[in-house]
Amino acid sequence: MLGHSVFNPMSPQALAISNLTIVLMIISGFIVLGITGVLIYTMIRFRRRPGQTGEPPQQFGVVKLEIAWTVIPFILVLGLFGGSIAAMDLSSPPDGDPPADIVITGHQWWWEIRYPSGVVTANEIHLPVGKRMLVAVKSVDVIHSLWIPQLGGKMDFVPGQTNSMYLEADKAGTYLGNCVEFCGAGHAWMLARAIAQTPAQFDTWQQQQLRKAAPPAAGAVAQGAKLFGQLSCQSCHTLTGNPANQNANIGPDLTHFASRQTLASGRLTNTAGNVYYWLHDPGQVKPGVHMPNFHLTPSSLQYLTAYLESLK
Ligand code: CUA
């Protein structure tokens with residue numbers, strides 16, 4: 001029922017934040033109910049009655065009460081302050097510059113994800129279960145912010161600055177997230193997902209991602225590869241091992257495009273039908289997207305789709 005919400009935490013960092021939130025809500029709830037209750041009681045019990053004249057007796061300076069309503073909030077705030085410090089300590093990496101386990105770069109409107117092994121992917125953050133990954137976050141254009149509620153707090157991606165966050169998952173699974181800083185027309189469709197796997201699966205995934213793009217087979221796939229070159233797709237998208245590779249990263253690295261669950265930063269699930277739909281008019285699928293509409297013919301769309309879906 002709690003799904004992908006903060007109340008279904010799946011990491012030590014998210015658990016600390018969730019616990020703090022619950023304690024805060026309980027304390028706030030008691031305060032709201034207490035004050036409202038006393039107010040309603042007072043309004044009824046001490047209301048003006050028929051025949052009553054003049055002002056009711058006034059009271060000034062009840063020392064006991066004043067001490068109580070100073071000391072109790074002070075203790076509560078001090079406790080919450082301590083709790084906040086503990087949660088921050090657990091969920092925010094300390095200053096300093098240890099090598100990051102993952103580097104995520106925000107683009108309008110997708111996430112570039114790099115690992116020290118050389119793996120480059122987009123929009124899907126693979127994590128080995130139970131390992132706290134130190135993530136360095138950057139932006140190439142405007143401020144973005146990544147939030148995967150089940151795994152912890154938000155972190156801003158600021159141009160010209162590297163921030164850091166932890167990403168860790170207690171259990172294997174897929175955890176959904178969003179960009180949570182308005183960054184332009186495509187903001188709402190700048191989705192992200194963390195995919196937590198066993199360490200063995202994570203290693204297998206990395207090995208598979210490190211393979212260079214296979215030379216295209218015959219038929220539609222080869223036709224698609226040719227079109228990919230003719231349309232200059234490689235000016236924006238890298239294909240490792242492709243002779244036309246220019247290390248372009250205006251758009252996501254497509255070397256293992258077909259191994260991803262989604263396309264267009266989580267806008268669509270990665271099926272042949274959706275790839276076709278996307279290529280046919282990217283701006284219709286994701287308003288504001290920087291990828292132009294090439295006004296491709298149905299056969300060209302089929303060839304390109306076949307090629308992209310072959311990039312496992
Ligand atoms: Cu990126 Cu909002």
Side-chain angles (χ1 to χ4, degrees), residues 2-6 8-15 17-18 91 100-107 109-138 144-155 157 164-180 189-211 238 240 249 251-272 274-275 278 286 308-309 311-312:
L2 296 169
H4 292 281
S5 85
V6 284
N8 189 14
M10 282 294 171
S11 75
Q13 295 80 18
L15 183 66
I17 295 171
S18 176
S91 60
D101 300 306
I102 308 177
V103 178
I104 305 182
T105 307
H107 293 254
W109 288 277
W110 60 282
W111 312 93
E112 175 189 334
I113 300 150
R114 290 178 180 271
Y115 294 78
S117 61
V119 168
V120 187
T121 186
N123 309 319
E124 296 178 3
I125 309 157
H126 284 250
L127 305 169
V129 165
K131 182 163 188 282
R132 191 178 69 182
M133 304 289 268
L134 178 63
V135 183
V137 309
K138 306 171 180 196
H144 304 272
S145 183
L146 176 64
W147 190 29
I148 300 172
Q150 286 184 277
L151 302 188
K154 302 166 185 174
M155 184 47 68
F157 288 50
S164 56
M165 67 191 294
Y166 288 133
L167 281 178
E168 177 174 359
D170 297 330
K171 281 206 301 197
T174 300
Y175 306 103
L176 302 183
N178 296 62
C179 180
V180 286
W189 287 121
M190 191 167 167
L191 309 180
R193 53 182 56 201
I195 299 169
Q197 300 165 302
T198 63
Q201 284 170 333
F202 177 73
D203 287 340
T204 309
W205 172 78
Q206 288 214 83
Q207 292 309 319
Q208 178 260 330
Q209 294 290 310
L210 283 170
R211 286 208 306 264
T238 291
T240 319
N249 71 344
D253 186 305
L254 298 178
T255 313
H256 296 284
F257 170 78
S259 72
R260 295 181 203 145
Q261 297 175 356
T262 64
L263 65 121
S265 200
R267 172 69 181 89
L268 298 170
T269 49
N270 194 353
T271 62
N274 280 339
V275 173
W278 167 250
K286 192 166 166 174
L308 288 170
E309 289 295 276
L311 300 171
K312 297 274 191 236

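Given the structure is predicted, the values throughout are model-derived calculations rather than measurements.
Nearest heavy-atom pair, S11 versus G152, reported as atom, atom and distance to 0.1 Å: OG-N, 4.3 Å. Nearest approach of L308 to F257, heavy atoms of both residues: O-CD2, 3.4 Å. Residue L191 comes nearest to G266 through the heavy atom pair CD1-O, 3.4 Å, listed as atom of the first residue, atom of the second, then distance. Annotation for E309 and T271: closest pair OE1-C, 3.8 Å, computed over non-hydrogen atoms. Heavy-atom minimum distance, A196 versus A169: CB-CB, 3.5 Å. Closest non-hydrogen pair, P149 versus G177, comes out as CD-CA, 4.4 Å.
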Chi angles and distances behind the side-chain contact (heavy atoms from CB on, under 4.5 Å) call for S91, I17: CA-CA 8 Å; S91 60; I17 295 171; 4.2 Å; yes

Pair L311-T255, side-chain contact (heavy atoms from CB on, under 4.5 Å): steps then yes or no: CA-CA 6 Å; L311 300 171; T255 313; over 6 Å; no

Test side-chain contact (heavy atoms from CB on, under 4.5 Å) applied to N270 and V275, step by step: CA-CA 7 Å; N270 194 353; V275 173; 3.6 Å; yes

Test log, rule side-chain contact (heavy atoms from CB on, under 4.5 Å), inputs M190 and W110: CA-CA 6 Å; M190 191 167 167; W110 60 282; 5.7 Å; no

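Within the 3.5 Å criterion, the main-chain N or O of K138 finds no donor-acceptor partner in the side chain of T105. Under a 3.5 Å cut-off, the side chain of Q201 and the backbone N or O of T198 do form a donor-acceptor pair. Remark: the backbone N or O of Q209 is paired with a side-chain donor or acceptor of H256 at under 3.5 angstrom. For the pair D253 (side chain) and V120 (backbone), a donor-acceptor distance under 3.5 Å is absent. A donor-acceptor pair is defined here as one N or O able to donate and one able to accept, closer than 3.5 Å; such a pair exists between the side chain of S145 and the backbone of M155. Checked by atom type and distance alone, the side chain of E124 pairs as donor or acceptor with a backbone atom of T262 at under 3.5 Å. Between the side chain of N178 and the backbone N or O of V180, no donor-acceptor pair lies under 3.5 Å. Judged by distance alone, with hydrogens and angles left aside, the side-chain atoms of N123 form no donor-acceptor pair with the main-chain N or O of A192 at under 3.5 Å. Remark: the backbone N or O of A200 is paired with a side-chain donor or acceptor of T204 at under 3.5 angstrom. At least one donor-acceptor pair under 3.5 Å links the side chain of D101 to the backbone N or O of L134.
I102 is listed as a side-chain neighbour of I125, based on a closest heavy-atom distance under 4.5 Å. Looking at heavy atoms from C-beta onward, W189 lies out of side-chain contact with C179 at the 4.5 angstrom threshold. Within the 4.5 Å cutoff, the side chain of F202 has heavy atoms near those of the Q206 side chain. Within the 4.5 Å cutoff, no side-chain heavy atoms of R114 are placed close to those of V119. Annotation: side chain of E112 is not in contact with side chain of P252 (no heavy-atom distance under 4.5 Å).
Between atom CG of residue D203 and atom CD of residue Q197 there is a gap of 9.5 Å, rounded to the nearest 0.5 Å. To the nearest 0.5 Å, the span separating OG on S265 from CZ on R193 amounts to 10.0 Å. Of the inter-residue distances, the one linking L176 atom CG with T174 atom OG1 reads 7.5 Å to the nearest 0.5 angstrom. Note that CE of M133 and OH of Y166 are 13.0 Å apart. Values are rounded to the nearest 0.5 Å. One distance of note links CZ of R260 with OG1 of T269; it measures 15.0 Å at 0.5 Å rounding. Residue R267 holds its CZ atom at 14.5 Å from CH2 of W109, rounded to the nearest 0.5 Å.
Relative orientation of the W205 and H126 rings is parallel, given thresholds of 30° and 60° on the angle between their planes.
For the pair K154 and W147, the distance from NZ or CZ to the six-membered ring centre is under 6.0 Å and the angle to the ring normal is within 45 degrees.
Checked options R132, Q13, K131; the residue passing with E168 is Q13 (criterion: side chain to side chain donor-acceptor pair (under 3.5 Å)).
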